[in-house]
Number of protein chains: 2
Amino acid sequence: MSMLTLKYYLEVPASSLDNNKGDIDRISAGLKDVTGTRSIEWPLSTIETASKVVRSSGGKITVTVWPDGDRLNVITTEAGDTTGLNFGVAIDIGTTVVAVELVDLTSGKTIAAEGDVSGQVRYGDDLLTRLHFAGQGGVEELRSALIDTINGLIARVCTDSGVTSTRISAVSAAGNTSMTHTFLGIDPSPIRFEPYTPVINHVPRLSAKELGLDVLPNATVYVFPSVGGYFGGDLISGAVASGISQAEEISLLLDIGTNVEVILGNKDWLLALAGSAGPALEGGVAECARRAAPGAIERVVVDRATLEPSYKSIGESPAYGLCGSGLIDVIAQLYLSGLIDSTGRFILEKKTDRWRTINGRTAYLIAKGDEKNGIPPTYITEKDIQNLLRTKAAMVAALTILLNSVGLQLDDIRRIYTAGSFGINLSVDSATAIGLYPRLPAERFTQLGNGSLLGARKTLLDSSMTAEAERIADKITYLELNVHPEFMEIFRSASYI
Amino acid sequence: MSMLTLKYYLEVPASSLDNNKGDIDRISAGLKDVTGTRSIEWPLSTIETASKVVRSSGGKITVTVWPDGDRLNVITTEAGDTTGLNFGVAIDIGTTVVAVELVDLTSGKTIAAEGDVSGQVRYGDDLLTRLHFAGQGGVEELRSALIDTINGLIARVCTDSGVTSTRISAVSAAGNTSMTHTFLGIDPSPIRFEPYTPVINHVPRLSAKELGLDVLPNATVYVFPSVGGYFGGDLISGAVASGISQAEEISLLLDIGTNVEVILGNKDWLLALAGSAGPALEGGVAECARRAAPGAIERVVVDRATLEPSYKSIGESPAYGLCGSGLIDVIAQLYLSGLIDSTGRFILEKKTDRWRTINGRTAYLIAKGDEKNGIPPTYITEKDIQNLLRTKAAMVAALTILLNSVGLQLDDIRRIYTAGSFGINLSVDSATAIGLYPRLPAERFTQLGNGSLLGARKTLLDSSMTAEAERIADKITYLELNVHPEFMEIFRSASYI
């Protein structure tokens, strides 16, 4: 297992009349000796610095490289032994939120992590608006906004950890197909139209300076491949994170965010379904959804007689927001109290002072919050409930189609990995209870969290995972959810509590 | 034998719901099918254009690539079948003169050639002045002056031939070590100091845009490797042109210009001597030296009694300038007439009205010229004579040292290739007569002309020659002429007519 970039300390002999090989050639010879690699590639911009460093340091230098098959590509040369100072950045390029981790490539540890709303959001909350904007000549603005966000996050993880950005030699980035395109400055708008063909799926290895990233100019940038217009590198990265493509046993990866994305398979085959599930998931997760952090409401009971809620927040902290299990509890309790029907619609005839109008929409108020202390109210709307039901329906439909198409039963799935912004907020018990996760024993479940970020980190620490990602993208059989004939039928029948 | 760059016509299937691979991925698949190459590399800047071209052309496209081992690197993509339109540029980066040839990579023919004084000359006629200037921070000016000259020449060969510069996908350039450094924008000044170590000998493959060359931005640029500070890529290119590194028989390459440079060997070994031969060659060729073109004086007889010259010019055209054989004739005739001694000094006691003072120097006037019609006078100075004698002495010394060091006799040399600005002007008979060329049968000689340019052209037409050039640079044993103990001794004893 080898990191995506490596550092080698060399003692390069001085030149003499008997050995007046060029400075670069003597460093190359030293690298070949140490690594056994046949070919050393020097970007033009690295040459003069390397020459000065080798001359001024008495030949005691550290060379940072990224290996590529039988080649070593030089990233930078430093005086002295700096082999212990090598860092990488993992990036999850979300449509809404961008997350960055700074990884110490010596210890393998994540030493700082930051996230922020993508600067692209100001060009449209949803993907389709941005695709349209890109098609109107807005690609460069989208690219620049995204790169600014990423550079801001890199600056923050550097500040957090005290690492200078010129020690970052490796970047691994995963995003959906549109995000990947804009990250590269490539117009993604062609994927709006059937057959949703991307400009590029397998992305070449790039240098940081080509993309405008504020790390070492020749830092290597790995970008996860996409499979189709609506099946992107974030999913492939999640698959890498889970390891399903290398396992004997049959596993399932569920990524639940604004899209429903499912991969089923093992080391021999992989089958995937993905798509923007019709109208189901447009709104994303519930308005008051929160991570399972102190203060998030995790248990809710609605009194059958008074229709008043009571709740428990994590750590008994001042309550606001619903973590995933809280959200599912609310829906179950509202149904059992007769406040919603099986399609998730409010039954407003049931009288309770908890019906409120918030932001112009009818809501059921769970916690009033504390305006003075800046704690917002926690509530749920019909849209939140229906989103969850539709997400569940899409998951059920997707899984049914996948299992049917390979002739497997639910119980054949030995491991389930959950990822995505929805998945992070759900306890396995709650999610299986409502049918969002398949009803399988809890011990088969593993929560990956941000699978996209995790896969990106994995490639930083094990360069062979980049080849694995490309292999997954090549071998996976991908069914477009939106155009699958069975989908809507199963979807409709599963859209109930 | 394969050109340095290749074009492939493809018919790329349109995408569909069943095959919605990215545009780039479908082109890559097509290229892999046609070429059997495993890996297709796409520079970021080629991607969006290729996508637009494949979509707008109904999939009928031509891709230009440069192969590199098991990889194909994409240069550009065009609509339709343009496989017959592929061009390369060979460049000889001389210290004084830059020469460019435009080569049709389909027919293998040179279709235009141009030369011009290097823009670097304004920073110093000689190399040492420019090295000093480079060391004072002048590298960027030197680089820019040289690139401007080259771009001017590329524009001219394009105009001459009607080829657009965006059809030039390959560049091969050879120059001495300092010229190669400034071409890359790298400070060559460290080679002034013992042990004359270059920054870099083996140059990475570059793209035209990195260097600022006005051809296809991703055109591949091959730069010949150097061996040491005073043994550059121009010599290696000459060796490639001659083929001596692939021959069974022992051959000799003589490059006579402002330096004396000699390579002796065969496919198994190569031994070289080079250097600025002390004070010998600083002045370069004679003031009135000219190419063997119409009007150049090629035969001279000096009447022993009257001391008046008579001459014959090439094509009986109005005479001015001395081609190489004319120059050697003059020296031999002046000696036989008692006008110079065996060290090349004028014997001014011999009375003739041909002694003139021209540009402040004493000269022997050969032809008066015709001022009205713009034809300058033709004459010879002591310095011209002594330069030739010193060049001859340096050649004799170099060859003696080489032969002695491998225990060979002169007659063991089966082929002699002559190159360089001096070599171009010399007939073999004249040069062997005066001892400048070794006294071997005329049929063993081949005049390469501009060996550096010829080798560059050879790599355009046969990409395996780039590997051969690297191999030559690695295997050659190089003796620094200036520091060789025997040199001055032999040099002095050979400095006579």
Original post:
Does the pair A:Asp23 and B:Ile200 meet the rule for a side chain to side chain contact (heavy atoms under 4.5 Å, CB included), with working shown?
Top reply: CA-CA 6 Å; A:Asp23 299 326; B:Ile200 186 165; over 6 Å; no

Which region of [X], side chain (C-beta onward) or backbone (N, CA, C, O), has a non-hydrogen atom less than 4.5 Å from a non-hydrogen atom of chain A, or is it both or neither?
{"X": "B:Val227", "answer": "backbone"}
{"X": "B:Ile191", "answer": "neither"}
{"X": "B:Leu184", "answer": "both"}

Original post:
Is B:Ile24 close to A:Asn201 at the side-chain level, that is, under 4.5 Å between some pair of heavy atoms?
Top reply: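 A side-chain contact is absent here, since even the closest heavy-atom pair is not under 4.5 Å.
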
Original post:
A:Ser15 and B:Thr197: which non-hydrogen atoms are nearest, and at how many Å?
Top reply: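 Closest pair (atom of A:Ser15, atom of B:Thr197, distance): OG-OG1, 2.5 Å.
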
Original post:
What residue in B:Ser16, B:Gly185, B:Gly228 has the most heavy-atom pairs under 4.5 Å with chain A?
Top reply: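 Result: the option with the highest number of such pairs is B:Ser16.
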
Subject >> Donor-acceptor pair, side chain of A:Glu41 and main chain of B:Pro204, under 3.5 angstrom >> reply: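 Not at all, since once roles are kept as given, no pair shorter than 3.5 Å links the two residues.
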
**OP:** Would you mind checking which part of A:Arg55 comes under 4.5 Å of any heavy atom in chain B, side chain (CB onward), backbone (N, CA, C, O), both or neither?
**Re:**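 Contact with chain B involves the side chain of A:Arg55 alone.
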
Original post:
chain B heavy atoms under 4.5 Å from A:Leu206: which part of the residue, side chain, backbone, both or neither?
Top reply: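 Contact with chain B is through the side chain of A:Leu206 alone.
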
Subject >> SB check A:Asp474 B:Lys21 (cutoff 4.0 Å) >> reply: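 Between B:Lys21 and A:Asp474 there is no salt bridge, as every charged N stays at least 4.0 Å from the carboxylate O atoms.
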
Subject >> Results of salt bridge (charged side-chain N to carboxylate O under 4.0 Å, His left out) for B:Asp25 - residues two or more places apart only >> reply: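 By the salt bridge (charged side-chain N to carboxylate O under 4.0 Å, His left out) rule, B:Asp25 matches no residue at all.
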
